[in-house]
Amino acid sequence: MITVATFYKFTALPDCAELQMPWKTFMQERGVTGTILVTPEGVNATIAGPNEGVQATLAMLRSDERLASMEHKESFCEENPFPKTKVRLKKETIPLGSPVDPNKGVGHYVKPQDWNALISDPDVITVDTRNDYEVQIGQFKGAVNPETDTFRDLPTWVQENIKDPKKKVAMYCTGGIRCEKSTAYMKELGFEDVYHLEGGILKYLEEVPEEESMWEGACYVFDDRVAVDHDLKPAGDHQHCPYCGHTINAAELKRLSSSGRCAHCPTE
């Protein structure tokens with residue numbers, strides 16, 4: 001059984017370039033694959049491998065006092081969803097397209113157990129901060145889909161669609177990192193009643209029983225599993241088109257044209 005761990009942490013890492021190779025070597029020696037983005041503002045990652053290797057890697061990262069409080073989410077699968085070990089240097093953990101520092105303040109954290117009550121409030125606007133192709137697979141009941149192609153598009157959508165800073169806004173994403181940045185952005189715009197799902201969708205699926213869940217569909221993940229169900233197991237009816245990489249379900253796969261291309265492939 002393969003353990004998959006997803007985690008992020010916003011913290012100043014001015015020496016990030018010096019961390020790259022030691023981290024990669026440590027992972028390789030323990031059979032751990034996946035990708036860690038290491039940046040001056042923190043880390044963002046999903047790794048996978050034998051449980052002892054994944055736990056050792058997490059312990060190694062937390063031995064740095066700047067990452068000591070870093071939380072992670074776990075899921076499991078039969079085959080490793082990552083073929084390689086990558087530790088990449090980036091300028092940002094995830095680019096929003098508008099300068100923002102989550103370390104200066106983010107929205108109010110909401111525990112998974114309290115999320116249903118919040119988004120059921122008719123005065124709350126629930127915003128899915130993920131990209132449109134992710135939302136098409138699954139989302140929370142009643143949530144707004146901004147239909148963005150990239151995370152960089154979200155600030156423009158917010159400015160055009162949520163103009164009253166007195167509005168109550170709840171935001172969510174896969175693991176929590178996009179909500180850290182998006183709610184920090186909202187705070188900079190003057191919004192005070194802005195909230196986000198602590199731990200993201202993955203933590204919600206882990207902690208909230210399916211019979212009580214307001215989640216509908218599957219959750220897109222950034223690896224070869226493509227999507228996971230409410231039990232955090234691979235949702236087998238989704239995969240990537242071999243040509244354009246767009247997410248398609250089993251029915252769409254059967255309808256591929258004779259060229260093998262899906263409906264989302266660019267026309268020649």
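Treat the numbers as computed from the prediction; the structure is a model and nothing was measured.
With hydrogens and angles disregarded, no donor-acceptor distance shorter than 3.5 Å links the side chain of D121 to the backbone of L118.
Side chain to side chain, K181 and T129 fail the donor-acceptor criterion of an N or O pair below 3.5 Å. For the residue pair Q136 / Y220, no side-chain donor-acceptor distance below 3.5 Å is found, with atom types taken as modelled.
For the ring-ring contact (aromatic ring centres under 6.0 Å, His included) condition, no pair includes a residue of residues 32-57, sequence neighbours left out. Here salt bridge (charged side-chain N to carboxylate O under 4.0 Å, His left out) pairs that include residues 202-216, with residues two or more places apart or in two chains, are K203-E206, K203-E207. Evaluation of the salt bridge (charged side-chain N to carboxylate O under 4.0 Å, His left out) test over residues 128-145, restricted to residues two or more places apart or in two chains, returns D128-R130, E134-R178. Listed by first and then second residue, the salt bridge (charged side-chain N to carboxylate O under 4.0 Å, His left out) pairs involving residues 58-81 are D15-R66, D64-R66 (not counting sequence neighbours). The ring-ring contact (aromatic ring centres under 6.0 Å, His included) contacts involving residues 178-201 comprise H108-Y195, Y109-H196, where partners must be two or more places apart or lie in separate chains.
In this view, T93 and E41 satisfy the side chain to side chain donor-acceptor pair (under 3.5 Å) rule, not counting sequence neighbours.
Here the options are V32, V87, T57, T85, the test is side-chain contact (heavy atoms from CB on, under 4.5 Å), and the partner is F26; only T57 passes.
Nearest approach of G105 to K187, heavy atoms of both residues: O-CG, 4.5 Å.
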For the pair Y204 and Y172, evaluate ring pair (Phe, Tyr, Trp, His ring centres under 6.0 Å) and give the outcome as yes or no after the intermediate values.
CA-CA 10 Å; Y204 179 92; Y172 68 89; 9.0 Å; no

